[in-house]
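Right, one structure below, let's go through it.
Both backbone and side-chain heavy atoms feed into the values below; hydrogens, waters and symmetry mates do not. Everything numeric in this text was worked out from a predicted model, so none of it was measured.
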Amino acid sequence: MADKKAKLKIDGQEIDLPVYSPTVGPDVIDVAQLTSLGYFTYDPGFVSTASCDSAITYIDGDAGILRHRGYPIEQLAERANFLQICYLLLYGELPSDKQFNDFDTALREEQQLDDYLQSIVSSCSREAHPMGVMCSLVGALSAHYHNEIDATDSSNRLETAMRLVAKMPVLAAIVFRHMRGERVLKPKPENSYGANFLHMMFSKDESEEVNPILARAMDRIFLLHADHEQNASTSTVRLVGSTDANPYACIAAGIGALWGPSHGGANEAVLEMLEEIGEPDNIAEYVKMAKDRNDPHKIMGFGHRVYKNYDPRAKVLQETCREVLDLLGVHSDPTLQMARELERVALSDEYFIERRLFPNVDFYSGIILQALGIPRNMFTVIFVIGRTPGWAAQWNEMVNGGYKIGRPRQLYTGTVVRDYPASTGND
């Protein structure tokens, strides 16, 4: 029962609405009874609507807080690796050494290269967008494993989640090698998750080693994108899941939602902006144009829809970005030079400081991925790999609890009623 109530007055009618308090964050007003009274709420984009209850991720954008299962993202990025975060999201607790070893072993067993998936990739044009191919591949998993799934069995759900986490970097690497006309490499048993991904992407042969600094950078990018509460793609996974759809189909739908440039393509937009600027000498003029409300130019990678303070993930990735650039010695690259100069200008400009337009995670991840040699059309695929455990954990949480099929309402603005004409005028 709710301890508090909100009162809504409509045409003299007073309606009591229950108010629920979370463990942390804003109170929530339950408006479910309004439908039976002939009313809907109106919230375009659902930006003021809690669509579910969840114990996975908490965000306070004003304070710059991101926590998974209560752990601050800064601590997780410093002390844990991506697979430990996967375990935390899926199971609710950090793993013991034995639990982690068992989890890691189970994931490695699911990383085999399936012939039917490779044949799907081979049938695609090398110019095909990798996100479209990823949608197809994960959709194919829904067909391949359809008869093995029992969503009422918690162990079966977790097995499905682990399979998705294991296979996603393999699928991404297959797509990348196909784009370049190169043979596929198998994952190496001794490699970490991040190192294996870079090995499968870039190694010339099985003997080549991955630099541990680059492997750690890749791991951090995955880790920092693991879950981000009820964003567009996560909400899509939950909405599709509410129909009792195959979980692989739910994740494929999430990939489709992430593909949109307003969601998963922000780090691509950063690099496109830097190309538009052209050279470091043009930064001051570009910043001036961006400050003009009547000018369409924008500074991409600064500020965040959710975070009205510094994006906590950006603080972590800033250090990683500098480590990668120092290691690769690519400071002479004009795009990266502009990124560093733009960062310096923005962090010292009162216009940006007053509006809290700080560099976000997309700014630094775009620079790192560019430095690693990953093409821009693969940037969102990297996001997919990182976000997979969050999608899977959110789906598992929803199915494990009571849920209703998603069915948003609308504010209808069309014609009320019309009679079909007796004559169409074509006699």
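Between the side chain of Asp60 and the main chain of Ile65, no donor-acceptor pair closer than 3.5 Å is present. In terms of modelled atom types and a separation under 3.5 Å, the side chain of Asp362 and the main chain of Ser365 share no donor-acceptor contact. Judged by distance alone, the side chain of Ser235 and the main-chain N or O of Ala232 form no donor-acceptor pair under 3.5 Å. A donor-acceptor contact shorter than 3.5 Å links the side chain of Asp292 to the backbone of Asn294. At least one donor-acceptor pair closer than 3.5 Å links the side chain of Asn156 to the backbone N or O of Asp150. The closest donor-acceptor contact from the side chain of His225 to the backbone of Ile221 lies under 3.5 Å. For the pair Thr236 (side chain) and Ala253 (backbone), a donor-acceptor distance under 3.5 Å is absent. When atom types are taken as modelled, the side chain of Asp114 and the backbone of Tyr116 share no donor-acceptor pair closer than 3.5 angstrom. Under a 3.5 Å cut-off, the side chain of Gln394 and the backbone N or O of Trp391 do not form any donor-acceptor pair. Judged purely by atom type and a 3.5 angstrom limit, Glu78 has no side-chain atom pairing as donor or acceptor with the backbone of Val316.
Between Tyr193 and Phe222, the ring planes lie perpendicular to each other; the angle is over 60°, past the 30° to 60° tilted range.
Taking all atoms of both residues into account, the shortest heavy-atom contact from Ala77 to Leu224 is CB-CD2, 4.3 Å. When every heavy atom of Tyr39 is checked against every heavy atom of Ile10, the shortest pair comes out as OH-CG2, 3.2 Å. Shown here for Phe197 and Ala172, the closest heavy-atom pair between the two residues is CE1-CB, 3.9 Å. Minimum heavy-atom separation, Arg157 to Ala151: NH1-O, 2.7 Å. Of all heavy-atom pairs spanning Asn81 and Arg216, the tightest one is CA-NH1, 4.3 Å. The two residues Phe40 and Gln410 have their closest heavy-atom pair at CD1-O, 3.9 Å.
Under a cut-off of 6.0 angstrom, the local environment of OH in Tyr42 is sparse, with at most 12 non-hydrogen atoms contributed by other residues, nucleotides or ligands. For CD of Glu93, the number of neighbouring non-hydrogen atoms (other residues, nucleotides, ligands) closer than 6.0 Å is 12 at most. Under a cut-off of 6.0 angstrom, the local environment of NZ in Lys291 is crowded, with over 12 non-hydrogen atoms contributed by other residues, nucleotides or ligands. Heavy atoms of other residues, nucleotides or ligands lying less than 6.0 angstrom from CG of Asp53 number 12 at most. Other residues, nucleotides and ligands place more than 12 heavy atoms under 6.0 Å from the CG atom of Leu8.
If you take NE2 on His199 and CG on Asn191, they are separated by 6.5 Å, rounding to the nearest 0.5 Å. Between the OG atom of Ser233 and the CD1 atom of Ile255 there is a distance of 10.0 Å, given to the nearest 0.5 Å. Distance CG/Leu17 to NZ/Lys7: 9.5 Å, rounded to 0.5 Å. The OG1 atom of Thr49 sits 10.5 Å away from the CD1 atom of Ile29 when rounded to the nearest 0.5 Å. Note that CG of Leu141 and NE2 of His146 are 13.5 Å apart. Values are rounded to the nearest 0.5 Å. Rounding to the nearest 0.5 Å gives a distance of 6.0 Å between CG of Leu198 and CE of Met218.
Contact check for Pro22 versus Asp27: side-chain heavy atoms found under the 4.5 Å cut-off. Contact annotation: the side chain of Glu110 never approaches that of Leu164 to less than 4.5 Å [non-hydrogen atoms, C-beta and beyond]. Residues Asn377 and Met179 have side chains in contact (heavy-atom distance under 4.5 Å, counting atoms from C-beta outward). For the pair Met200/Arg177, no side-chain contact is recorded, criterion being any heavy-atom separation below 4.5 Å from C-beta on. Between Lys167 and Gln112, some side-chain heavy-atom pair lies under the 4.5 Å cut-off. The side-chain heavy atoms of Asp30 and Tyr20, taken from C-beta on, include a pair separated by under 4.5 Å. Contact annotation: the side chain of Ile85 never approaches that of Asp227 to less than 4.5 Å [non-hydrogen atoms, C-beta and beyond]. Counting heavy atoms from C-beta on, the side chains of Phe363 and Asp311 never come closer than 4.5 Å.
Applying the side-chain contact (heavy atoms from CB on, under 4.5 Å) test to His297 and every residue at least two apart in sequence or in another chain returns Glu276, Tyr286, Met289, Asp295. Residues satisfying the ring-ring contact (aromatic ring centres under 6.0 Å, His included) test with Tyr91, not counting sequence neighbours, are Tyr87.
Here the rule is side chain to side chain donor-acceptor pair (under 3.5 Å) with Thr57, and of Glu229, Arg69, His68 only His68 fits it.
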*asked:* Evaluate Leu137 against Val175 for side chain to side chain contact (heavy atoms under 4.5 Å, CB included), listing each step before the verdict.
replied: CA-CA 10 Å; Leu137 292 173; Val175 172; 3.7 Å; yes
_Could you walk me through whether Glu319 and Arg322 satisfy the salt bridge (charged side-chain N to carboxylate O under 4.0 Å, His left out) test, starting with their C-alpha distance in whole Å, then the side-chain angles of each, then the deciding distance to 0.1 Å, before giving a yes or no?_
CA-CA 5 Å; Glu319 177 188 352; Arg322 287 171 180 160; over 6 Å; no
*Give the intermediate values and the outcome of side chain to side chain contact (heavy atoms under 4.5 Å, CB included) for residues Val287 and Tyr351.*
CA-CA 10 Å; Val287 170; Tyr351 177 90; over 6 Å; no
*Given side chain to side chain contact (heavy atoms under 4.5 Å, CB included), test Glu397 with Arg238 step by step and report yes or no.*
CA-CA 10 Å; Glu397 181 183 62; Arg238 279 186 174 260; 2.6 Å; yes
*Between Leu372 and Met201, is a side chain to side chain contact (heavy atoms under 4.5 Å, CB included) present by the stated rule, with each step listed?*
CA-CA 11 Å; Leu372 290 174; Met201 288 276 285; over 6 Å; no
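Figure legend: Arg356 and Phe358 shown without cation-pi pairing, the cationic atom not lying both under 6.0 angstrom from the six-membered ring centre and within 45 degrees of its axis.
Side chains of Gln318 and Glu343: a donor-acceptor N/O pair is present below 3.5 angstrom, by distance only. A donor atom on one side chain and an acceptor atom on the other are found under 3.5 Å apart for Arg163 and Tyr248.
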